[in-house]
Participant: 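Could you have a look at this structure, given as structure tokens, before my questions?
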Amino acid sequence: MNDMGPPRFATTRNATPVEAAQRDLLLADPGFGRVFTDHMVTIRYADGRGWHDAAVTARGPISIDPACSVLHYAQEIFEGMKAYRAADGAPVLFRPDANARRFRASAERMAMAQLPEDLFIEAVERLVRIDADWIPAAGAGSLYLRPFMFASEVFLGVKPSSEYLFMVIASSVGGYFKGGKPAITLWASEDFTRAAPGGTGAAKCGGNYAASLLAQAQATEKGCDQVVFLDAVERKWVEELGGMNIFFLFDDGSMITPPLGGTILPGITRDSIITLARDQGIEVREERYSIDQWREDAASGRLRECFACGTAAVVTPIGEVKTTGGSFTIGGAQAGELTMKLRAQLTGIQAGTEPDPHGWLHRVARD
Ligand SMILES: *Cc1c(COP(=O)(O)O)cnc(C)c1O
């Protein structure tokens, strides 16, 4: 650890920020992950020196050595979170403490230096504050924040890096899925798995995504929006999508979501939905659910609704599942009623139009 205390941030404002009129044009239809703000945060770590050189600077390319170890051994983790505008226009974050904690857990699994949680939150807050004009108006979108960290030691030996670069960038976003269909279609991959017991499935690391891309490409080829992965051992239990958790809603009013346990990413949206559902007396079971049961329950009507959830896509109805053995639809491939109610509750809390009984909103203090 750094015994000189937490690093102080040096701030250098972007000398040529995007003009307000141009920014308004970009914010009119930002899509996802293409429109970036004027600034970024960097903090460096070195063994023996701790966290140092914390800075907010103009967003721009970074230069790394070709032997930078992340390029070879993929020691990299990230987070995804959003800033919204409160009714009074002030920027707010949703459960940033949970992202900070998960970032540390991911770092631990990947044998990386663990960024103190308060420093993580301070870094995110500083970027949101300096780029607050990039937060779309309430209801029009949000500012997606991407904290990430990678092994930056220049060394080809295989070992945990002795140096890391932590960064935060931000992107103004609208909706995640294009096309405006009421519900998405999933491809159930039988060829590929996302995570195995003892592996890195519970860590938010880039490598998990790299491993999911071929399955995602197959899903796209089959005309599906996303891939849903089955467990790696028996190849029958539904786990999650490439970047979203999954919920099943039944005709008796209860819900199931697959249990965490190392192969599923502990989503903050997943946890929030479980809490909101239980608050209103809905029985939520964290229980294994098989692809065969899914098909059977969709056909019998026992399964009423199904949705995926995550920060980027919020709560997204699932209407159809395709497999090599045929496809089946859920609830007439329409958005389910309870699904949309839970979605409205969650987005209402984030927008400040619904009560926040669990204190999930975090106001970003002014300078
Ligand atoms: C990030 C992520 C999720 C969703 O997590 P949230 O905290 O809800 O955004 C789900 N699954 C995977 C694999 C992820 O990487």
Side-chain angles (χ1 to χ4, degrees), residues 32-33 74 76-84 93-107 109-110 117 120-121 124 142-149 170-171 173 175-177 184 186 189 192-196 199-216 219 225-232 237-247 257-277 284 286 306-316 318 339 342-343 345-347 349-350 358 360-362:
F32 187 89
E76 190 269 355
I77 57 172
F78 65 94
E79 271 302 321
M81 53 205 290
K82 283 175 172 173
Y84 309 85
L93 295 165
F94 183 73
R95 305 187 69 180
D97 51 319
N99 294 98
R101 212 176 313 124
R102 187 171 66 189
F103 195 68
R104 267 174 64 106
S106 296
R109 176 62 185 85
M110 303 301 286
E117 290 166 31
F120 176 100
I121 294 174
V124 169
S142 54
L143 186 64
Y144 185 81
L145 299 156
R146 171 53 60 84
F148 63 103
M149 178 167 72
S171 172
V173 300
Y176 188 75
F177 290 107
I184 60 168
L186 302 183
S189 181
F192 303 112
T193 57
R194 194 193 81 93
T200 58
K204 211 165 174 70
C205 62
N208 289 342
Y209 279 71
S212 76
L213 296 178
L214 187 54
Q216 178 60 41
D225 301 290
Q226 288 280 310
V227 53
V228 57
F229 288 102
L230 305 179
D231 79 286
W237 304 106
V238 180
E239 297 229 302
E240 62 169 319
L241 282 53
M244 277 175 267
N245 297 114
I246 191 165
F247 281 82
T257 191
L260 303 177
T263 59
I264 292 178
L265 198 287
I268 295 161
T269 317
R270 175 187 182 278
D271 182 74
S272 306
I273 292 283
I274 292 174
T275 303
L276 289 178
V284 187
E286 296 181 66
C306 190
F307 66 82
C309 68
T311 298
V314 199
V315 169
T316 300
I318 295 165
T339 298
L342 288 166
R343 182 187 163 99
Q345 268 176 1
L346 185 63
T347 54
I349 293 172
Q350 291 162 343
H358 300 282
W360 286 339
L361 283 191
H362 174 104

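Note that the structure is predicted; figures quoted are calculated from it, not measured. Starting from 1, each residue takes its place in the sequence as its number. Atoms within each ligand, like the ligands themselves, are counted from 1 in listed order.
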Participant: Report yes if the distance between the aromatic ring centroids of Phe78 and Phe103 is under 6.0 Å, otherwise no.
Facilitator: no
Participant: Examine the proximity of ligand 1 to Ile268 and report which part, side chain or backbone, both or neither, has a heavy atom under 4.0 Å away.
Facilitator: both
Participant: Where do Phe247 and Cys306 land on the side-chain contact (heavy atoms from CB on, under 4.5 Å) test, with the steps shown first?
Facilitator: CA-CA 6 Å; Phe247 281 82; Cys306 190; over 6 Å; no
Participant: For Gly201, is there any backbone N or O sitting under 3.5 Å from a side-chain donor or acceptor partner on Arg194?
Facilitator: yes
Participant: Quick one: nearest non-hydrogen protein atom to atom 9 (O) of ligand 1, plus distance?
Facilitator: Thr311 OG1, 2.6 Å
Participant: Polar contacts were defined as any N/O atom of the residue lying under 3.5 Å from an N/O atom of the ligand; does this apply to Arg270 and ligand 1?
Facilitator: no
Participant: N/O to N/O below 3.5 Å, does that happen between Arg194 and ligand 1?
Facilitator: no
Participant: How far is atom 11 (N) of ligand 1 from its nearest protein heavy atom, and which residue and atom is that?
Facilitator: Glu240 OE1, 2.6 Å
Participant: Hey, does the side chain of Thr257 reach the backbone of Ile246 with a donor-acceptor pair shorter than 3.5 angstrom?
Facilitator: yes
Participant: Do Glu79 and Arg146 meet the salt-bridge criterion of a basic N to acidic O distance under 4.0 Å?
Facilitator: no
Participant: Between Gly80, Gly243, Ala98, Ala308, which one has a non-hydrogen atom sitting closest to atom 10 (C) of ligand 1?
Facilitator: Gly243
Participant: What residues form a side chain to side chain contact (heavy atoms under 4.5 Å, CB included) with Ala83, not counting sequence neighbours?
Facilitator: Leu93, Val128, Ile135, Leu143, Leu145
Participant: Test your reading of the structure: does Asn245 have an N or O sitting under 3.5 Å from an N or O of ligand 1?
Facilitator: no
Participant: Can you find an N/O atom of Gly267 closer than 3.5 Å to an N/O atom of ligand 1?
Facilitator: no
Participant: Can a non-hydrogen atom of Gly242 be found less than 4.0 Å from any atom of ligand 1?
Facilitator: yes
Participant: Excluding sequence neighbours, so at least two apart, what forms side chain to side chain contact (heavy atoms under 4.5 Å, CB included) with Asp231?
Facilitator: Val233, Glu234, Lys236, Trp237, Glu239
Participant: Looking at atom 8 (O) of ligand 1, what's its closest protein heavy atom, distance included?
Facilitator: Thr269 OG1, 2.6 Å
Participant: For residues Lys204 and Leu265, report the shortest heavy-atom separation together with the two atoms involved.
Facilitator: N-CD2, 3.8 Å
Participant: Do me a favour and list the nearest non-hydrogen protein atom to atom 14 (C) of ligand 1 with residue, atom name and distance?
Facilitator: Lys204 NZ, 3.0 Å
Participant: Starting from atom 15 (O) of ligand 1, what is the nearest protein heavy atom, named by residue and atom, and what distance separates them?
Facilitator: Tyr209 OH, 2.4 Å
Participant: Determine whether a donor-acceptor pair (N or O, by modelled atom type, separation under 3.5 Å) exists between the side chain of Asn208 and the backbone of Ala203.
Facilitator: yes
Participant: Any atoms of ligand 1 less than 4.0 Å from a non-hydrogen atom of Arg102? List them with their elements.
Facilitator: 5 (O), 6 (P), 7 (O)
